Amino acid sequence: MGARIRRYSLVAAAAAAVLAITGCTISETPTSSNTPGTTTLRFWQYYSAGGQADWLKAQTAKFEAANPGVKVQLVQVVGSQQDQKLLAAVATGTGPDLLINNIVVDFPTLVAGGVMKDITAEWNAYPDKDQYPEAAAWKNDGKVYNLLSYTNLLGMFYNKDILASVGITEPPTTLEQLEADMAKVEAGGKYKAMAESGAPTVEGAWLFAPQLLGKGINYCNFSGQPVNDAFNRIADWAQKGYLPKATATWDQNAAWQQFMTGKYAFGFNGNWQLGNVKAAKFKYGTVQFPAPADGKSVVYPGGEGIAIGAQSKHPDLAWKYLQQVFLSKEGGQALFTAAGSIPVRADVASVPEIQKDTYVQPFIKAAQTSGQWPNNPKTADMQTALGKAVSGVISGQLSAQEGADAAVKNIAAAQKSGGGTCQ
């Protein structure tokens with residue numbers, strides 16, 4: 001998710017303006033689609049230059065080589081315009097054969113618009129289905145339309161030098177242990193405890209949600225004592241200085257920059273920082289997001305969904321492409337190498353390259369137990385409601401109870417505005 005999470009709100013806004021289609025161009029890679037005997041698959045995607053884009057081009061070339069007579073057009077679409085253009089294309093009968101999408105926000109919109117093909121039968125017959133967690137298949141009314149083959153996840157980075165200086169030999173794995181360790185760091189007077197995003201946005205919400213997910217509380221059942229407990233916890237952290245007041249405005253990048261100063265013992269952030277942390281001037285480590293009492297370590301997954309277009313004239317060939325490029329063990333390993341994205345497929349974790357990387361292991365484990373996002377077109381509004389409440393509590397503008405009450409009320413309102421459905 002990382003940088004992608006900021007794009008979700010843009011996609012949600014774009015989906016609300018479906019009929020206001022502009023004349024923006026769509027870029028297509030040249031192919032010999034008019035050559036007699038050639039079958040062309042049109043794949044709408046928005047990867048920019050770099051790791052994911054290079055990976056997709058390389059894997060597509062391998063697919064074409066293995067399937068003579070098949071060409072795949074990689075159609076470049078601006079991410080924030082993807083929903084608009086997909087819905088408009090379907091309305092004119094020109095929808096693509098394949099597509100990626102910002103799954104967290106636009107899944108309900110695209111399903112309702114008839115953009116994606118029901119691939120329940122294909123998925124159920126897929127021989128390697130058991131390599132994927134249940135959350136990898138996105139369903140509506142029990143039917144599978146979207147698959148999540150790779151993900152970006154949250155975890156906790158820690159400064160080994162700071163922990164050693166206050167006598168902490170092992171990183172915390174529970175929220176209770178984390179609190180005790182933060183108290184030791186703060187008592188030392190030299191370092192700060194935690195650098196995390198508490199912004200009044202989807203980012204602040206994403207960083208807070210694992211405190212509840214591990215107790216079985218998500219956006220679809222957001223209420224009860226666990227919610228109050230979580231808000232009391234962050235209020236306590238803020239009052240004791242474990243979370244600086246500035247945390248209420250930090251996005252993930254700002255929080256990361258603070259952690260990299262070497263002044264903070266802990267930092268909640270994601271696997272997309274694994275490359276950046278190598279520049280640290282201190283010894284560091286990673287662990288899964290600390291689990292709440294009597295709960296598990298569960299975080300929400302980020303990443304793109306992959307789907308077959310509902311109007312594809314070559315759905316069997318499109319499914320073959322998805323299997324080879326996105327769902328295969330080879331494809332997942334290649335994407336990890338090229339872009340650092342965490343494969344959801346379980347057996348990819350066994351390849352030597354990933355097994356030897358101790359820093360990535362907590363994120364690999366998180367991928368197998370990740371939570372499931374709500375199926376509601378107002379998901380972004382739900383997240384924003386939570387982010388505002390969290391930020392308000394950290395800044396001191398809201399009490400813990402006021403923050404919890406506001407989150408419960410506004411998340412329910414957003415869910416209702418989106419049609420009332422959630423699961």
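Residue indices begin at 1 and follow the sequence shown. Just so you know, these numbers come straight off a predicted model, no measurement behind them.
For the atom pair NZ of Lys190 and NZ of Lys263, the computed distance is 11.5 Å after rounding to the nearest 0.5 Å. Separation of atoms CD1 (Ile119) and CG (Asn146) is listed at 7.0 Å; rounding is to 0.5 Å. Atoms CG and OH, from Asn376 and Tyr219 in turn, are 12.0 Å apart once rounded to the nearest 0.5 Å. To the nearest 0.5 Å, the span separating OG1 on Thr120 from OH on Tyr145 amounts to 7.0 Å. Taking CG of Leu153 as the start and OG1 of Thr369 as the end, the distance is 8.5 Å to the nearest 0.5 Å. Here the CG atom belonging to Leu327 is positioned 6.0 Å from the CG atom belonging to Leu147, to the nearest 0.5 angstrom.
Val344 places a side-chain heavy atom less than 4.5 Å from the side chain of Pro133. Contact annotation: the side chain of Thr384 never approaches that of Thr201 to less than 4.5 Å [non-hydrogen atoms, C-beta and beyond]. Side-chain contact between Leu274 and Asp357 is absent, with no heavy-atom pair separated by less than 4.5 Å. Between Tyr46 and Glu304, the closest side-chain pair of non-hydrogen atoms falls below 4.5 Å. In this structure the side chain of Val360 never reaches within 4.5 angstrom of the side chain of Asn271, judged on heavy atoms. For the pair Lys215 and Asp294, the minimum side-chain heavy-atom distance is below 4.5 Å. Using a 4.5 Å heavy-atom cutoff, the side chains of Tyr321 and Thr60 are in contact. The shortest side-chain heavy-atom distance between Met260 and Asn276 does not fall under the 4.5 Å cut-off.
Not one N or O on the side chain of Asp128 forms a donor-acceptor pair closer than 3.5 Å with the backbone of Gln131. In this structure, the side chain of Asp161 engages the main chain of Lys283 through a donor-acceptor pair within 3.5 Å. Checked by atom type and distance alone, the side chain of Arg42 pairs as donor or acceptor with a backbone atom of Gly95 at under 3.5 Å. Judged purely by atom type and a 3.5 angstrom limit, Ser328 has no side-chain atom pairing as donor or acceptor with the backbone of Val325. Glu186 places a side-chain N or O within donor-acceptor distance of the main-chain N or O of Ala193, the cut-off being under 3.5 Å. Asn221 places a side-chain N or O within 3.5 Å of a backbone atom of Gly216 that can act as its donor or acceptor partner. The closest donor-acceptor contact from the side chain of Thr247 to the backbone of Ser197 lies at 3.5 Å or more, if one exists at all. No donor-acceptor pair under 3.5 Å is formed between the side chain of Asn124 and the backbone N or O of Ala121. Using a distance-only test at 3.5 Å, with no hydrogens or angles considered, a donor-acceptor pair links the side chain of Gln45 to the main chain of Tyr47. Between the Ser417 side chain and the Ala414 main chain, no donor and acceptor come within less than 3.5 Å of each other.
Across every non-hydrogen atom of Lys184 and Ile168, the tightest pair is CD-CG1, 4.0 Å. Residues Gln372 and Ala135 share a closest heavy-atom pair of OE1-CA, 4.1 Å. Shortest non-hydrogen contact noted between Ala291 and Gly295 is CB-O, 3.9 Å. Contact record, Val393 with Gly403: CG2-CA, 3.8 Å, taken as the closest heavy-atom pair. Closest approach of Ile394 and Ala248 over heavy atoms only: CG2-N, 3.9 Å. The two residues Pro301 and Gly371 come nearest to each other via the heavy atoms CD-O, 3.0 Å.
Residue Lys329 qualifies as enclosed at atom NZ: its count of foreign heavy atoms under 6.0 Å is above 12. Counting heavy atoms of neighbouring residues, nucleotides and ligands inside a 6.0 Å radius, atom CD of Glu134 does not exceed 12 of them. In this structure, Lys409 places its NZ atom where only 12 or fewer heavy-atom neighbours from other residues, nucleotides or ligands lie under 6.0 Å away. Atom NZ of Lys117 has more than 12 neighbouring heavy atoms from other residues, nucleotides or ligands inside a 6.0 Å radius. Environment of CG in Asp141: sparse, with no more than 12 heavy atoms of neighbouring residues, nucleotides or ligands closer than 6.0 Å.
Checked by atom type, the side-chain pair Trp237/Glu179 shows a donor-acceptor distance below 3.5 Å.
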Given side chain to side chain contact (heavy atoms under 4.5 Å, CB included), test Tyr264 with Val185 step by step and report yes or no.
CA-CA 9 Å; Tyr264 288 82; Val185 171; over 6 Å; no
Output, in order, the C-alpha distance, side-chain angles, deciding distance and verdict of side chain to side chain contact (heavy atoms under 4.5 Å, CB included) for Leu99 and Leu110.
CA-CA 11 Å; Leu99 61 119; Leu110 297 183; 4.3 Å; yes
Check step by step if side chain to side chain contact (heavy atoms under 4.5 Å, CB included) holds for Ile306 and Ser149.
CA-CA 8 Å; Ile306 53 174; Ser149 66; 4.3 Å; yes
Verdict with supporting geometry, Phe336 and Val351, side chain to side chain contact (heavy atoms under 4.5 Å, CB included):
CA-CA 11 Å; Phe336 172 78; Val351 301; over 6 Å; no
Take Asp181 and Gln177 through the side-chain hydrogen bond (donor to acceptor under 3.5 Å, both in side chains) test and state the conclusion after the steps.
CA-CA 6 Å; Asp181 288 349; Gln177 291 171 354; over 6 Å; no
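Salt bridge status for Asp236 with Lys240: present, with a side-chain N to carboxylate O gap under 4.0 Å.
The aromatic rings of Trp272 and Trp206 lie parallel to each other, with less than 30° between the two planes, well short of the 60° mark. Aromatic ring orientation, Phe231 versus Phe208: tilted (interplanar angle from 30° to 60°).
Between Tyr284 and Phe259, the distance separating the two ring centers is not shorter than 6.0 angstrom.
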